[in-house]
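For reference, the structure discussed in these notes is given below.
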Amino acid sequence: QVQLAESGGGLVQAGGSLRLSCTASGRTPIGSVMGWFRQCPGKDREFVARVSWTGASLVYADSVKGRFTISGAYAKNTLYLQMNSLKPEDTAVYYCAADVAKYGSTWRGNYWGQGTQVTVSS
């Protein structure tokens with residue numbers, strides 16, 4: 001069983017930056033597609049970004065494209081999300097996920113962390 005743990009959330013002013021980390025333990029998700037989701041206040045959880053294990057294939061939601069960068073230190077089973085030019089609408093609980101895939105128009109993950117809070121003030 002894969003265990004995921006996020007860190008790096010916090011309070012930041014609009015225009016600022018944060019770097020989220022997610023470390024996997026237990027069953028190493030080698031070959032898995034890893035990604036980030038977020039849940040904004042009063043909304044359903046939504047897809048943010050995903051990366052293949054090799055790092056060769058990257059996909060971003062339109063809302064974060066050009067501002068966020070997903071990457072990984074895969075030998076350490078660690079996933080990152082660098083968030084720049086943050087906006088108040090980026091305020092959410094951010095979750096990392098393993099075994100991420102798109103079914104039709106819906107992104108899903110099979111393993112989830114507990115989430116880390118990101119709050120962007122105006």
Side-chain angles (χ1 to χ4, degrees):
Q1 188 74 27
V2 175
Q3 306 292 325
L4 304 174
E6 303 96 337
S7 63
L11 175 64
V12 65
Q13 293 184 347
S17 299
L18 285 174
R19 190 190 194 194
L20 306 183
S21 300
C22 174
T23 300
S25 60
R27 182 172 62 86
T28 304
I30 295 175
S32 174
V33 175
M34 306 290 294
W36 291 93
F37 292 72
R38 68 185 182 187
Q39 188 165 12
C40 299
K43 298 181 179 180
D44 294 333
R45 190 175 300 184
E46 66 180 13
F47 169 78
V48 174
R50 76 105 174 100
V51 62
S52 63
W53 192 250
T54 65
S57 179
L58 304 173
V59 178
Y60 296 93
D62 289 341
S63 59
V64 306
K65 194 174 299 181
R67 299 187 297 119
F68 291 9
T69 302
I70 187 171
S71 63
Y74 303 113
K76 298 180 179 180
N77 293 323
T78 302
L79 182 72
Y80 301 104
L81 185 68
Q82 178 66 46
M83 306 186 295
N84 298 326
S85 301
L86 283 163
K87 306 174 181 179
E89 52 262 44
D90 294 319
T91 294
V93 177
Y94 283 73
Y95 300 88
C96 64
D99 292 339
V100 173
K102 190 176 184 180
Y103 299 88
S105 61
T106 303
W107 288 94
R108 301 175 183 174
N110 287 329
Y111 303 95
W112 300 90
Q114 292 298 116
T116 185
Q117 177 70 48
V118 172
T119 302
V120 184
S121 62
S122 59

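Just so it is clear, the structure is predicted and the values come from calculations on it, not from any experiment.
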Problem set entry | Residues forming a ring-ring contact (aromatic ring centres under 6.0 Å, His included) with Phe47, sequence neighbours excluded | Phe37, Trp107
Exercise. Does Arg108 reach the main-chain N or O of Ala101 with its side chain, forming a donor-acceptor pair under 3.5 Å?
Worked result: no
Could you tabulate the donor-acceptor pairs under 3.5 Å formed by side-chain atoms of residues 5-18, not counting sequence neighbours?
residue: Glu6; atom: OE1; partner: Gln114; partner atom: N; Å: 3.0
residue: Glu6; atom: OE1; partner: Gly115; partner atom: N; Å: 2.8
residue: Glu6; atom: OE2; partner: Cys96; partner atom: N; Å: 2.9
residue: Glu6; atom: OE2; partner: Gly115; partner atom: N; Å: 3.3
residue: Ser17; atom: OG; partner: Asn84; partner atom: OD1; Å: 2.9

Exercise. Can Arg19 be said to sit on top of Tyr80's aromatic six-ring, NZ or CZ under 6.0 Å from centre and within 45° of the ring axis?
Worked result: yes
Seminar exercise, completed: From the list Val48, Thr116, Leu79, side chain to side chain contact (heavy atoms under 4.5 Å, CB included) with Leu20 holds only for Thr116
Exercise. With Asn110, which residues qualify under side chain to side chain contact (heavy atoms under 4.5 Å, CB included), at least two apart?
Worked result: Asp99
For this session: Starting from the C-alpha separation in whole Å, work towards a yes-or-no answer on side-chain contact (heavy atoms from CB on, under 4.5 Å) for Val100 and Trp36.
Result: CA-CA 9 Å; Val100 173; Trp36 291 93; over 6 Å; no
For this session: Give a yes or no answer on whether the side chain of Ser32 reaches the backbone of Ala98 with a donor-acceptor pair at less than 3.5 Å.
Result: no
For this session: Quick one: closest heavy-atom pair of Leu4 and Cys22, and the distance?
Result: CB-SG, 4.0 Å
Seminar exercise, completed: Asp90 and Val120 have their tightest heavy-atom pair at CB-CG2, 4.3 Å
Exercise. Can you name the nearest heavy-atom pair linking Ile70 to Met34, along with the distance?
Worked result: CD1-O, 4.0 Å
For this session: Measure from the side-chain N and O atoms of Ser52 to the backbone N and O of Ser57, and report whether any donor-acceptor pair falls under 3.5 Å.
Result: yes
For this session: Apply the test side-chain contact (heavy atoms from CB on, under 4.5 Å) to residues Arg45 and Tyr95: give CA-CA distance (whole Å), side-chain angles for both, the deciding distance (0.1 Å), then the verdict.
Result: CA-CA 9 Å; Arg45 190 175 300 184; Tyr95 300 88; 3.5 Å; yes
For this session: Could you walk me through whether Tyr111 and Gln3 pass side-chain contact (heavy atoms from CB on, under 4.5 Å), step by step?
Result: CA-CA 8 Å; Tyr111 303 95; Gln3 306 292 325; over 6 Å; no
Exercise. Using 4.0 Å as the upper bound for N to carboxylate O, is an ion pair formed by Asp62 and Lys65?
Worked result: yes
Exercise. Does Lys76 offer a backbone N or O that forms a donor-acceptor pair with the side chain of Thr78 under 3.5 Å?
Worked result: yes
For this session: Identify the heavy atoms of Arg67 and Ser85 that sit nearest to each other, and give their distance.
Result: NH1-O, 3.0 Å
For this session: Kindly compute the distance separating CD (Gln117) from CZ (Arg38), expressed to the nearest 0.5 Å.
Result: 12.0 Å
Seminar exercise, completed: Value for CD (Glu46) from OG1 (Thr106), rounded to nearest 0.5 Å, stands at 12.5 Å
